[in-house]
Structures are given as C-alpha cells and as structure tokens.
Amino acid sequence: MAIYRISGIWKNESGVITHYAFHLVSDDGSKIGFAQKKAKNDAVALLEQYGNSATTWLWDYSNNFWKIGNNVHVVSGVSGKFLRSNHDNTEKDNLNHLIDYDWLRPLFK
C-alpha cells in the first residue's frame, strides 16, 4: 500500500497527457519523494493496485508551498484508461491544471 502525490504532467504534440510526475509519500507522511516520471499506462496500473492512492499536489504561488489537492482515480474512456480527479466538469478533472513539465524533457528521459 502506497500513497502518492501527482504534481505535474507531460503531453504529446497533440496535447494529450502521456506521463505523470508521481511523488511517493513516506509511511508516516512526513516526507515526499522526488518526482518519478510515470507513463500513463504505468500510472494507471500503479493506482489500480489494491491499497495505492494518489492526490494532486498543487504549487501555491501566493504562499510558496505545496498543497494537497483532490483524490485521483482511474477511469475508462473511449481511448482507454486514464487518471482523473474528482469529476466536476472542470479542466481539473483530467489533471490538465497541473504543472506542465514538458519543458524539463532533457532532465526526464
């Protein structure tokens, strides 16, 4: 059983999310690990494992710290399974509101 925070995304040329930045939370919740780039299929498989969970992790620009966002779930769509936060018909549903880490591409191969 593991708890994760998802802080960002990577998209392809068509603007479709291909990868997520996962951070492992320590057992006692006191530490959050460095980002691990997970392909969409790997992210789905990870969260489908019994006991694993994730929330979004949002940078609060006004106060200069990270805050916990919504729970993230695996859902099925026309093009397969993907991650989604709580469904309320906003852009946040499909995690498009997270930091776009695509500009870090050379660092995350």
Side-chain angles (χ1 to χ4, degrees):
M1 180 167 109
I3 298 172
Y4 297 94
R5 304 280 183 255
I6 302 174
S7 66
I9 57 172
W10 286 264
K11 297 180 182 179
N12 65 15
E13 299 79 27
S14 301
V16 175
I17 295 172
T18 59
H19 294 80
Y20 301 91
F22 270 69
H23 304 259
L24 181 62
V25 179
S26 66
D27 290 338
D28 65 2
S30 65
K31 296 180 184 171
I32 299 178
F34 291 111
Q36 297 290 315
K37 185 177 181 182
K38 301 277 185 192
K40 185 188 291 188
N41 291 339
D42 295 334
V44 166
L46 189 65
L47 290 186
E48 284 184 324
Q49 290 179 14
Y50 177 78
N52 287 350
S53 64
T55 58
T56 55
W57 205 29
L58 309 169
W59 181 249
D60 182 338
Y61 288 93
S62 298
N63 296 303
N64 295 318
F65 67 88
W66 291 95
K67 64 181 183 178
I68 297 171
N70 289 322
N71 292 324
V72 176
H73 311 281
V74 175
V75 296
S76 296
V78 175
S79 60
K81 294 181 178 182
F82 60 97
L83 303 185
R84 161 171 254 153
S85 60
N86 295 332
H87 184 61
D88 61 2
N89 294 321
T90 67
E91 188 175 279
K92 292 181 179 183
D93 286 345
N94 61 5
L95 309 183
N96 271 328
H97 68 297
L98 295 177
I99 297 171
D100 183 355
Y101 285 133
D102 198 46
W103 60 276
L104 293 173
R105 188 176 307 222
L107 300 176
F108 289 91
K109 294 182 181 182

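Positions are given from 1, in the same order as the sequence printed here. Since the model is a prediction, treat every value here as computed from it, not as a measurement.
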Does His23 have any side-chain hydrogen bond (donor to acceptor under 3.5 Å, both in side chains) partners at least two apart in sequence or in another chain, and if so, which?
Ser7
Rounded to the nearest 0.5 Å, what's the gap from NZ on Lys11 to CG on Asp102? Could you check?
9.0 Å
Contacts of type side chain to side chain contact (heavy atoms under 4.5 Å, CB included), residue Ser30, not counting sequence neighbours:
Ser26, Asp28
Distance (rounded to the nearest 0.5 Å) between Phe65 CZ and Trp59 CH2
8.5 Å
Would a 4.5 Å heavy-atom cut-off, applied to side chains only, mark Leu83 and Tyr20 as touching?
yes
Is it the case that atom CZ in Phe34 sees more than 12 heavy atoms from other parts of the structure closer than 6.0 Å?
no
For a quick check under 3.5 Å, do Arg5 and Thr56 share a side-chain donor-acceptor pair by atom type?
no
Do other residues, nucleotides or ligands put more than 12 heavy atoms under 6.0 Å from the CG atom of Asp60?
yes
Taken in chain and number order and not counting sequence neighbours, the residues that satisfy side chain to side chain contact (heavy atoms under 4.5 Å, CB included) with Tyr50 are none
Could you check whether any side-chain heavy atom of Leu58 comes within less than 4.5 Å of a side-chain heavy atom of His97, counting everything from C-beta outward?
yes
Rounded distance [0.5 Å steps], NZ in Lys31 versus CG in Leu24:
12.0 Å
Ile3 and Trp66: same hydrophobic cluster, using ILVMFWY side-chain contacts below 4.5 Å?
yes
Hey, is NZ on Lys81 packed in by over 12 heavy atoms from elsewhere, all under 6.0 Å?
no
In terms of hydrophobic clusters joined by side-chain contacts under 4.5 Å, are Val44 and Met1 together?
no
Report the distance from atom CZ of Arg84 to atom CD1 of Ile17, rounding to the nearest 0.5 Å.
10.5 Å
Which distance, rounded to the nearest 0.5 Å, do you find between the CG of Leu46 and the CD of Gln36?
11.0 Å
